[in-house]
Amino acid sequence: MTSLADRHARVLSGMRPTGRLHLGHYHGVLKNWVALQQEYDCFFFVADWHALTTHYEDPSLIPRAVHEMVIDWLAAGIDPDKARLFIQSQVPEHAELHLLLSMITPLGWLERVPSYKDQQEALKEKDLATYGFLGYPLLQSADILIYRAGLVPVGEDQVAHVEITREVARRFNHLYGREPDFEQKAEAALKKMGKKAAKAFASQRRAYQEAGDTEALQAARDLLAEQQNLGLEDRERLLGYLEGGGRVILPEPQPLLTQASKMPGLDGRKMSKSYANTLALNDSPKAVEQKLRTMPTDTNRVRRTDPGDPARCPVWQFHEVYSSADTKDWVAQGCKSAGIGCIDCKQPVIDAVLAELGPMQQRAAEYEARPNLVRQVIEQGGAAARASAQATLAEVRQAMSLSYS
Ligand code: TRP
Ligand code: SF4
């Protein structure tokens with residue numbers, strides 16, 4: 001059984017299948033996932049249903065994009081022995097929870113999500129006045145809540161979706177966590193903790209509820225997590241009893257804000273496929289060299305003898321990501337005094353990018369040579385995810401009076 005402590009430590013994140021990833025994805029998202037998998041129980045999935053909300057007219061490109069993206073995750077160092085990797089549509093429990101949550105979600109909550117209007121504006125050529133598109137933040141809520149994830153690493157643009165997830169969870173617990181005999185059941189559960197622990201819990205609860213003592217709240221949560229004798233439902237009751245509500249069937253997740261990547265594109269704008277300014281994780285060393293050699297520099301530095309200004313040069317931003325303080329000094333001095341040429345200046349960046357991509361490309365090649373292995377990773381990840389999703393769904397069904405037996 002999953003303890004409460006584990007639950008809080010569970011991390012979930014998803015990415016739409018966009019095909020080959022680039023260094024912007026690596027520095028903005030994947031590097032962070034690789035670090036998180038060392039410390040938390042991580043679930044990372046390909047959001048193929050989310051892709052359909054905007055690309056329903058031509059889904060034929062999705063399977064390849066999924067495959068390429070999974071390869072790039074593995075290449076970047078996501079370790080299938082540490083994290084569960086899977087494809088959303090292979091865990092249909094997400095869809096059932098989405099449906100059930102749709103029953104309790106006011107339309108206004110979805111209409112007010114900023115991305116709803118923004119994206120419709122940005123993608124004018126598409127008809128996004130669909131039921132699926134309106135509902136996609138709720139699908140995302142289901143993605144998160146079905147694993148009772150505690151932490152959701154996302155960028156700034158996705159924080160509103162985690163926020164709506166919290167509201168939906170709160171509403172769900174409010175509606176279905178209030179059993180008529182809740183107090184009695186919670187008190188019976190308390191007895192199962194043993195005298196000493198029960199007494200400590202009760203006084204921590206009082207300290208929190210009467211004096212707002214959040215340290216006592218945390219201590220009580222920790223105490224709960226340590227209890228061996230409590231089943232899942234009793235834990236949920238006691239958690240709710242502690243916090244002053246009903247049973248916490250779906251815990252509220254927290255966003256784990258990923259810092260915006262400092263990695264710019266080759267032209268100094270945000271790295272993005274649509275700007276054609278990317279270094280892909282699978283670009284050959286030759287392509288990497290060529291792209292970096294020809295990338296623009298300070299436009300005022302026309303001749304080798306003209307002094308330049310790093311502040312006006314996209315290459316400098318690469319140095320900010322990759323270079324030591326010494327190298328950066330050498331660049332700043334050499335550029336401003338015309339002591340170095342731009343090709344000289346780019347060489348340490350070229351070396352650093354090649355060194356970073358080398359091991360990734362080696363891993364990618366290993367996986368590409370063994371498509372069965374990739375399939376197996378996805379199957380195993382999917383099976384583990386399903387087991388966890390089914391456990392949540394069983395409770396949700398029961399809470400919503402849908403378990404017939
Ligand atoms: N909506 C996210 C995006 O467009 C992807 C996503 C789907 C996601 N489900 C999620 C992210 C759950 C975090 C958690 O980038
Ligand atoms: Fe840019 Fe370096 Fe050339 Fe200066 S020397 S303009 S920082 S590439």
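In listed order, ligands and their atoms are each counted from 1.
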- Polar protein atoms near atom 1 (Fe) of ligand 2 [N, O or S; cut-off under 2.8 Å]: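 As for protein N, O or S atoms lying under 2.8 Å from atom 1 (Fe) of ligand 2, they are Cys313 SG.
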So, [X] and [Y]: side-chain donor and acceptor under 3.5 Å apart, yes or no?
X      : Y      : answer
Trp33  : Gln37  : no
His25  : Asp72  : no
Thr54  : Arg16  : yes
Gln290 : Arg293 : no
Asp351 : Gln347 : yes

- Inspect the contact between Glu356 and Lys31 and indicate whether a charged nitrogen and a carboxylate oxygen are less than 4.0 angstrom apart.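 No.
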- Task: Output yes when Arg375 and Glu379 qualify as a salt bridge under the 4.0 Å nitrogen-oxygen rule, no when they do not.
- Result: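 Not counted as a salt bridge, because no side-chain N and carboxylate O are separated by less than 4.0 Å.
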- Message: Using a 4.0 Å cut-off on heavy atoms, what residues surround ligand 1? Order them by chain and number.
- Response: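 Only Leu12, Ser13, Gly14, Arg16, Phe45, Ala47, His50, Tyr136, Gln140, Asp143, Ile144, Val152, Val154, Gln158 have heavy atoms that fall under 4.0 Å of ligand 1, ordered by chain and number.
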- Given Arg370 and Glu366, is the salt bridge (Lys or Arg N to Asp or Glu O under 4.0 Å) satisfied, shown in steps? CA-CA 7 Å; Arg370 300 170 67 190; Glu366 284 162 19; over 6 Å; no
- Kindly compute the distance separating CG (Leu279) from CG (Leu23), expressed to the nearest 0.5 Å.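 It is 5.5 Å, given to the nearest 0.5 Å.
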